[in-house]
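What follows is a set of notes on a single structure, which appears directly below.
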Amino acid sequence: CLYVFDSKGYPKKTVGNRTLNDGLLFKCTNGIIWYGEPSLIIKNNILYLQRSTDVYRLTLDGNMINSFSSSGGTGLLIDEYNRIYVSNCSGNKIDVFNHNGGHLFSIDGNVTGGCSLESPYGLASDPLGNIHVATSGSNTIKVITKEGVYIRKYGDLKCPRGIAIDVYGYSFVT
């Protein structure tokens, strides 16, 4: 299913559920921005490709800028400072790297505020710069600051994996 939430986390719509009779049925969704094998994002005319534990930065015509390894990868996010966030489902954490691949810090399973990240997958940032994490282990979306401070959670979902957020703060979750 595709779940749509408003900017405050209130459910607005569900699409592709057999019980809704909306003519759509998504049997196996795996992300909006491709969250699978590999993850792919284009930002500031740079192609970021994540495959397994490796992250590659390429020009749009395919020339390698650089690459580096992370401890695992199920989701990818690039913030406005070109910091690269890589979620690690099995490690229950998010690793943060600079644009050259240098490890800056980790947001681990015990985020400040007493909230843990249970199997983090998809990552997206909202218009305020906060990070929304699709956590398949807790079946919710957790909202944290870029430094990892817990803000809130929303949704009662079945194994969320992919997430995207529009300019109005609406989140789209698969």
Side-chain angles (χ1 to χ4, degrees), residues 1-19 26-41 48-55 68-79 83-97 103-166 169-174:
C1 288
L2 173 65
Y3 302 95
V4 180
F5 296 89
D6 69 14
S7 61
K8 295 181 181 177
Y10 295 109
K12 298 305 279 182
K13 186 174 185 174
T14 303
V15 179
N17 184 325
R18 193 182 308 263
T19 61
F26 301 136
K27 291 184 178 181
C28 183
T29 56
N30 200 24
I32 295 172
I33 299 175
W34 182 253
Y35 292 108
E37 183 66 26
S39 294
L40 175 69
I41 294 176
Y48 295 84
L49 177 70
Q50 174 197 2
R51 184 177 172 104
S52 187
T53 60
D54 297 318
V55 177
F68 62 92
S69 292
S70 66
S71 60
T74 50
L76 188 63
L77 172 71
I78 316 303
D79 73 9
R83 290 184 294 200
I84 302 165
Y85 294 74
V86 180
S87 61
N88 180 334
C89 178
S90 62
N92 294 320
K93 66 179 181 172
I94 299 168
D95 288 311
V96 185
F97 301 88
H103 188 265
L104 299 173
F105 60 95
S106 293
I107 301 169
D108 66 14
N110 294 308
V111 184
T112 303
C115 172
S116 62
L117 297 175
E118 302 93 352
S119 302
Y121 269 84
L123 304 171
S125 60
D126 64 24
L128 299 175
N130 297 314
I131 299 173
H132 295 235
V133 184
T135 57
S136 65
S138 66
N139 295 318
T140 61
I141 305 300
K142 304 236 174 125
V143 183
I144 58 176
T145 66
K146 288 179 271 194
E147 295 76 29
V149 177
Y150 174 76
I151 299 172
R152 63 186 171 94
K153 69 179 179 177
Y154 63 91
D156 181 14
L157 309 168
K158 183 178 179 184
C159 200
R161 299 285 178 108
I163 183 167
I165 299 177
D166 70 11
Y170 277 58
S171 55
F172 300 83
V173 182
T174 61

Worksheet entry | Chi angles and distances behind the side-chain contact (heavy atoms from CB on, under 4.5 Å) call for R83, I78 | CA-CA 6 Å; R83 290 184 294 200; I78 316 303; over 6 Å; no
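At a threshold of 4.5 Å between non-hydrogen side-chain atoms, the residues I163 and I141 count as touching. Counting heavy atoms from C-beta on, the side chains of I131 and V133 come closer than 4.5 Å.
The minimum heavy-atom distance linking N92 with P120 is given by the pair CA-CD, 3.8 Å. Here the shortest heavy-atom pairing between Y85 and D79 reads OH-OD2, 3.3 Å.
Panel note: side chain R161, backbone G75; no donor-acceptor pair is recorded below 3.5 Å. Between the side chain of T53 and the main chain of S71, no donor-acceptor pair closer than 3.5 Å is present. Between the side chain of N130 and the backbone N or O of T145, no donor-acceptor pair lies under 3.5 Å. Between the side chain of T140 and the backbone N or O of D156, no donor-acceptor pair lies under 3.5 Å.
Open room surrounds NZ on K153; 12 or fewer heavy atoms of other groups in view lie less than 6.0 Å from it.
Ring centroid separation for the pair H132 and Y154 comes in under the 6.0 Å cut-off.
A side-chain N or O of D95 and one of S106 form a donor-acceptor pair less than 3.5 Å apart.
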